[in-house]
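Order of the sequence lines fixes the chain letters, A, B, ..., with proteins taken first and strands second; residue numbering starts at 1 for each chain.
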Amino acid sequence: MIIASFIGLLYIAGFYLLLRRSLVRAAIGALLLGHAANLLIFVSGGLSAGAPIIREGEDSLISPYPDPLPQALVLTAIVIGLGVSAYLLALIHRTAEIAGGDDMDDLKEEE
Amino acid sequence: MNSNLLILPAIVPFVFALVMLWLRGREGAARYLALLSGVIQSIVAALLFKLVLSEGTQTLEIGGWEAPFGITFVADLLSASLALVTSFVSLAIALYISVEKDEPITHPFTLPLLQLLLSSVYGAFLTGDLFNLFVWFEVMLITSFVLLSFGDAKQAIGGAIKYVLLNLVSSVLFLTAIGLLYGKTGTLNFAHIAARVGHLSNEPLLIGAATLLFCAFSIKAALFPVHFWLPASYHHTPAFVSATFGGLLTKVGVYAMIRTFTLVFPLQGTWLQTALWIISIATMLFGVLGAASQMNFRRILSFHIISQIGYMTLGLALWSPLALSAAVFYLLHHIIAKTNLFLFGGLAARLCGSDDLRKQGGLYSSHLPTAILFLIPALSLAGMPPLSGFFAKLLVLQAALEAHSLISVICMLLVGLATMYSMIKIWSEAFWKPAPADAVRPSNRTPSAGAYLGVAYLALFTVFIGVGAGYVFPICERIAGELLDQGCYIHAVLGER
Amino acid sequence: MKFRTSCYSLSGASAVLCIFAIWASMNLDAPYYLAFDWLPKVGLRISFRVDSFSLFFVTLICGIGSLVFFFCAGYLPGDKSRSRTLSILLLFTLSMLGLVLSDNVLLLFIFWEFTTITSFFLVGAKCEKKEAREAALQALLVTVAGGMALLVAILLLFMAAGTLELSSLEANRQLIQDSPLYPVILILIAAGAFTKSAQFPFHFWLPGAMTAPSPVSAFLHSATMVKAGIYLLARFHPILGETVLWHDLLIGIGAATMIVGASLALARTDIKALLAYTTVSALGMLTFLLGLGTTLAMKAALVFLLVHACYKAALFMVAGSIEKLAGTRDLDRLHSLGKMSPALWCAAALPALSMCGLPPMLGFIGKELIYEAKLIAPTIDELFLLIGFTANALTVTAALLAAVKPFIPRTMDSPPKRKLTLPLLAPPIILGIVSLACGLFPTWVGDNLLEPSFQALKGEPSQIKLKLWHGVNPVFILSVLTLVTGALIYWIHSYFARMVSVVERWSSPFAPERLYAQLVKRFVQFASLQTRLAQNGSLNFYLTVTLCFASLLLAAAFFSLPEKAVDLSLLIHLKTSLIILGAAAAAVLSIRAQSMLEAVLLLGVVGLGVTLFFVFYGAPDLALTQFLVELLLLVLIASIWSRLPAFRPDTPKREKRRDLFAACILGVFLSYFVLQAVFLNEHNAISEFYAQNAATEAFGRNVVNVILVDFRALDTMGEITVLAIAMMGIMSLLKTRKTKR
Amino acid sequence: MSPFLLRTSVKFIAPIQLALALYFLLRGHNEPGGGFIGGLAAASAVLLYGLSFGIQEVESKLPVSWFSFALFGLSLAVFSAFISVFVNQPFFTGIWGPELYAPLVGKLKLGTVLLFDIGVFCLVMGFGVGLGFTFFAKEAER
């Protein structure tokens, strides 16, 4: 329940920040959204103590164990998120350099 | 039945990208490598298509892990034909840039990135795994982000930012949907999900996941009203890059939509079907209106992509064997015609020194072969018989008539007329009109043989899909049959389990 | 020289084909069929039917075509784009032949569209001129719109009858006429035919199309292409005809077209425009006759088709020659041409006689038949008789205007004689002679050409013999009256023209061409407005719309649920609650952060919270990764800290509240589904497989890592590719640029 | 902390960090760790070193650019996936060699999977360092 509300909160905060005109805020929002989605995948596998590591000498995990698959997915998602956010940072940096500001609407063009 | 043929379309351009990256700075070599890559892709895709055509759906369990556990690549007829068409596009673009020294490659990374983009497109078409699809999507996105930002003009960066942030929303929604779906079904393989969803109905989680996937794919496919990123960005890149974008990117979204909403969540009878229908109609109309208001060659084309996507999703929304096969037919036709038009956009811009139709002109008298070749995809897009676009529209139209959907029919006709209008606008401005006095005079240099070969190669397919509709359409019908029979796909992937 | 040679050879080929068609028409007993499948799903087959009616049209197309190609040899040289024009003309001829030979309606439609598009290129042949481009667009849009109506009709026809072969459709006549779709099909087919054949109110594109070179006008816009609509209606008469709707629709539109075309013609001073409006009128006449649908009317229509094709093509060619001769087509400025070139006058006079309907020309027979058809038609109103009469009289006037006025001298000085080349003179003269010959030997023409084609169309003989002299009867009196009236109007035609112009000016707001122009203008305006509003370039707006779209769909999903309850009873450890609360607080604060430092730090806190969460719930790998990623990102941010744009005072409060509202709605709906998802894993099968097999099959005890590098290694490859690509992007974005800013 | 002190401590810490990163990589298959974590840890070591000694210092010691390093990682990963194709197995199938015993790390089974993980390691390390240096260089430009 609490975790669900927390994820929800992250979504709200993320979306809200995304809607700000400041690009840096939008980027932070994007990161928060990433956290939210990752957490969701993580908890969707169920929560359990222990680690998905097979003990030395055993052949398989001993129940109860946390679902390893969502962990792998989240790991992948985190890394992809890293790539995208680093790129976003550079892009914002470049935008600031070119447009001289942080406002999204500085980029408004004739469309 | 495992066949490594399934992974090859995705991996060939990947390997070529790596080679190009190692040789970065040697532009000439990269151009020839792109050509070689295009040829190999075509061969591989053709072999795959032939295999699937004769022996039915093929699967490849990557890493040798059996179906629901590892990642499975699945080539049913839809995936195989899309891969085939993609390889056409790839080869045409490689031809276009191969010996075309006039077409400057703005950045040493452009060609390798293009190969990676193709790789991810093949991957997305062929994967049978939801999360893997997400990964391919991300590869595709980041590649296109980077390609966009090479433009380096203020507009290009602005377009890139819009593209990034709007697609980011899509990715977040996609991930959320994966989370929900995994929470409910505990699996990621399309076939396995479909099999498990089959037992459950009206589960809140499933409806939520379906809706989220719907949103995410709508953004990727640039449906109204979440299409904004597309016209903002497509025209800032070199012509052959926007040709790849225009031909393939949104279509991957459409493909994902078709796959998900036939296999996992069959649309029929759900409220999403109505929603998709409304959205499709709106997409058709607004796209074409956008095109009518533009005076920039490639922007017109960008808006037309949106409008045409509407036709495809309309086919999905109408949900009948005919409508689905029409949608698939449209998809195949559109990839080829649109890529070709974007290539012409580049040619025209180079010959006239501007992308702006007001500054172009006189190409009909100075470059007759270009003009004639341009007419093929342009008239095809406008729905002139006997080119591919005519049959695509005809089939969707018939599907709409059979569904007694009067509004669809009327909208389709209006949109068809408006499409004709804007294609003729391009023709009239860039080709017929004498070059404006103040503009750069059209250069008398003819485009090189490579460029001609590239566009002619695609034009050939446009003609073939039209004239050979009697051959192509039965394949689309078979595809529709496969799509409507979920059990067939599930069985092919999971076997008797 | 080479160009001339190709003209002559094309002309010769057409002539041979024309003679062959006549011969075939005389000797054809039963229709000849040829068919292949193309796309059976929509009823499309490549099927041709050669019957006498088709052959009649083939004769027309090839005959006129032959002369037009011949004419081209004199008219086109000097034109830069002559070869293009000639090739497109050839394409057009082929498509027209395809059109009249198709048995399959959809195949017919394909050729139909071919003729439209070739016509487009021919109208726009002088593409340097803006008017030419606009006229071409206008002609194209009107005919394409009609074509679409036709296409829908064809698809409906297929749905109703299950076939698209004309030959089998005739057999299904009753089925189609009883179908509820019948009125729709009929109206749509008529719409297609009307736009193509320039019927009122779609007639305006035809005069506009006169920007095309004269051979084109002679060929496409008088003799052949515009007759395609008539051909279609004639072909569909046995299938859809002889109903009240057919009757009313065609007679009404035909009559309106007749009178509008003829009246407007007189107000033109451009000789080609004048001829174009009389063409409109003649097409109206043909539609009218098809609407009547009696045996006599059909026969009259056939005769008139031939008559009109001969004289109108000839007159258009004369108009072209006049242009060559005098450098203008303006009737007000043309005079004394008879002295300049008597041969040309002769070339103009013969067809004009036919147009007036004077004996012994074929035109006389045509007009007699038409009057006869009208007089003995069972249900015809007197009004229509009057309209027909007026239109005919006005046509006589128009003929005089075109063929007499430019040739008679108005001043005393006589201009020098000028010789026109043979190709400019011979074709109209030949056509005139043909008209004359047909008039002199009507029986031969009737028996060998018209009667077989009538039979092919209707399936029964007409029993009507063509005769030049019927004796003095009401029909003859009407004919004479028509001539006299026409001549009288010619006498006062300047007044008449002024009158028409005044009426035209008054009615101009409702004139169809005005409406068309308005429609196109408004469409473009609306499109621009719409696009400016929607595609306004503001990312903020785009994002808002996108989020609202998602909210809307999620809301719809939520309300579509049969059961909305959520189990709220699940709780969580105190320890984690604290972490989560801390992170949540940070998240909430971050949205209010006023400085970048604050925002970034708070972001770090959220990340830390997530990391700790991973630690407590058995995900050491995740925790480590999350931590390191967080660290790297912070380092990156820190490194370009001073280069990042400073936080500016944020947007107004109202806007903030609006955004918060939008975010909340989406967030709340998402949370609802998240709530459903938490702790709900019913099928664990695939993870169990990993737990069982990681050590034994994949030789690794860290299951997460085994999944990453073995079970789902492809995902990992994708993600490292993302990293590599991101790196390329960043490197090129941040590459030191010395010069540019 | 004075620059001198910082440099001396970094001189000691960085190699340890690097060793730790390698350790993470190699034992990743059995214990928490793996290519990512190892790569990121290694990247942070180099970054730290670069920060304290200057980027030029580090870059001049290296024969190849960091991008090439990352590229090498990616190529290695793809190559490892390809090996199975040559022996006619599905793409990415793990081909296993003998099991070794490495000091500190424990049992280590050689195979294409390990090769893949090393590829990931190189790529992530190249990514991290390359990016960090690019960003730093941008900052230093002012």
**OP:** Against chain C, label Ile219(B) side chain, backbone, both or neither, depending on which of its atoms sit under 4.5 Å from a heavy atom there.
**Re:** side chain

Subject >> Segment of Phe303(B) engaging chain C (4.5 angstrom heavy-atom cut-off) >> reply: side chain

Original post:
Taking the side chain from Thr116(C) and the backbone from Trp112(C), do they hold a donor-acceptor pair closer than 3.5 Å?
Top reply: yes

Original post:
Got a second to check how far Phe391(B)'s CZ is from Leu44(C)'s CG, nearest 0.5 Å?
Top reply: 5.5 Å

Original post:
Less than 6.0 Å separating the ring centroids of Phe120(C) and Trp432(B)?
Top reply: yes

**OP:** Would you check if the side chain of Lys433(B) reaches a backbone N or O of Glu128(C) as a donor-acceptor pair within less than 3.5 Å?
**Re:** no

Subject >> Region of Leu417(B) in contact with chain C, defined by heavy-atom distances below 4.5 Å >> reply: both

Original post:
With a 4.5 Å limit on heavy-atom distance, are the side chains of Phe224(B) and Ile306(B) in contact?
Top reply: no

Original post:
Met148(C), Met717(C), Arg712(C): which one forms the most heavy-atom pairs within less than 4.5 Å of chain B?
Top reply: Arg712(C)

Original post:
With a 4.5 angstrom heavy-atom cut-off, which part of Phe121(C) approaches chain B: side chain, backbone, both or neither?
Top reply: both

Subject >> For chain B, the option from Val524(C), Leu106(C), Ile110(C) that forms the most heavy-atom pairs under 4.5 Å >> reply: Ile110(C)

Original post:
Backbone N or O of Val706(C) within a donor-acceptor pair of the Asp710(C) side chain at under 3.5 Å?
Top reply: no

Original post:
What part of Leu414(B) gets closer than 4.5 Å to chain C, counting heavy atoms only: side chain, backbone, both or neither?
Top reply: neither

**OP:** Against chain C, label Phe14(B) side chain, backbone, both or neither, depending on which of its atoms sit under 4.5 Å from a heavy atom there.
**Re:** side chain

Original post:
Is it the backbone or the side chain of Asp129(B) that comes under 4.5 Å from a heavy atom of chain C, or both, or neither?
Top reply: side chain

Subject >> Contact leader toward chain B among Gly124(C), Ala132(C), Ala724(C), Pro40(C), where contacts are heavy-atom pairs under 4.5 Å >> reply: Gly124(C)

**OP:** Starting at CH2 of Trp271(B), measure out to CG of Leu553(C) and round the result to the nearest 0.5 Å.
**Re:** 5.0 Å

Original post:
Does a donor on one side chain and an acceptor on the other come within less than 3.5 Å for Tyr163(B) and Ser144(B)?
Top reply: yes

Original post:
Which region of Leu181(B), side chain (C-beta onward) or backbone (N, CA, C, O), has a non-hydrogen atom less than 4.5 Å from a non-hydrogen atom of chain C, or is it both or neither?
Top reply: neither

**OP:** Flag this pair as yes if the NZ/CZ of Arg84(C) is under 6.0 angstrom from the six-membered ring centre of Tyr364(B) and inside a 45 degree cone about the axis; otherwise no.
**Re:** yes

Original post:
About how many Å separate OG1 of Thr546(C) and CG of Asn167(B), when rounded to the nearest 0.5 Å?
Top reply: 9.5 Å

**OP:** Please state whether the side chain, the backbone, both or neither of Phe114(C) comes within less than 4.5 Å of a heavy atom of chain B.
**Re:** side chain

Original post:
Given that the side chain runs from C-beta out, which part of Leu670(C) has a heavy atom under 4.5 Å from chain B: side chain, backbone, both or neither?
Top reply: side chain

Subject >> Atom group of Ala469(B) that falls short of 4.5 Å from chain C, counting heavy atoms >> reply: both

**OP:** Classify the angle between the aromatic ring planes of Tyr672(C) and Phe558(C) as parallel (below 30°), tilted (30 to 60°) or perpendicular (above 60°).
**Re:** perpendicular

Subject >> Part of Leu285(B) within contact of chain C (heavy atom distance under 4.5 Å) >> reply: neither

Original post:
Which atoms of Thr176(B) come close to chain C, meaning under 4.5 Å heavy atom to heavy atom: side chain ones, backbone ones, both, or neither?
Top reply: side chain

**OP:** Flag the one option from Thr721(C), Val545(C), Leu714(C) with the top tally of heavy-atom pairs under 4.5 Å to chain B.
**Re:** Leu714(C)

Original post:
By a 4.5 Å heavy-atom criterion (distance strictly below it), what part of Phe73(B) contacts chain C: side chain, backbone, both, or neither?
Top reply: side chain

**OP:** Indicate whether the side chain of Ser528(C) and that of Ser293(B) have a donor and an acceptor atom separated by less than 3.5 Å.
**Re:** no

Original post:
Would Glu429(B) and Lys425(B) count as a salt bridge (charged side-chain N to carboxylate O under 4.0 Å, His left out) if you check the C-alpha gap in whole Å, the side-chain angles of each, and the deciding distance to 0.1 Å?
Top reply: CA-CA 6 Å; Glu429(B) 295 287 325; Lys425(B) 181 163 79 181; over 6 Å; no

**OP:** Find the one option among Gly729(C), Ala557(C), Ala145(C) whose heavy-atom pairs under 4.5 Å with chain B are most numerous.
**Re:** Ala557(C)

Original post:
Should the pair Phe390(B) and Phe109(C) be assigned to parallel (<30°), tilted (30 to 60°) or perpendicular (>60°) ring geometry?
Top reply: parallel

Subject >> Side chain / backbone / both / neither for Val520(C) at chain B, heavy atoms under 4.5 Å >> reply: side chain

**OP:** Can you tell which part of Glu402(B) gets under 4.5 Å to a heavy atom of chain C, answering side chain, backbone, both or neither?
**Re:** both

Subject >> Per-residue contact mode, Met159(C) against chain B (heavy atom under 4.5 angstrom) >> reply: side chain

Subject >> chain C contact via Ile142(B) - side chain, backbone, both or neither, heavy atoms under 4.5 Å >> reply: both

Original post:
In terms of heavy-atom proximity below 4.5 Å to chain C, should Leu21(B) be classed as side chain, backbone, both, or neither?
Top reply: side chain

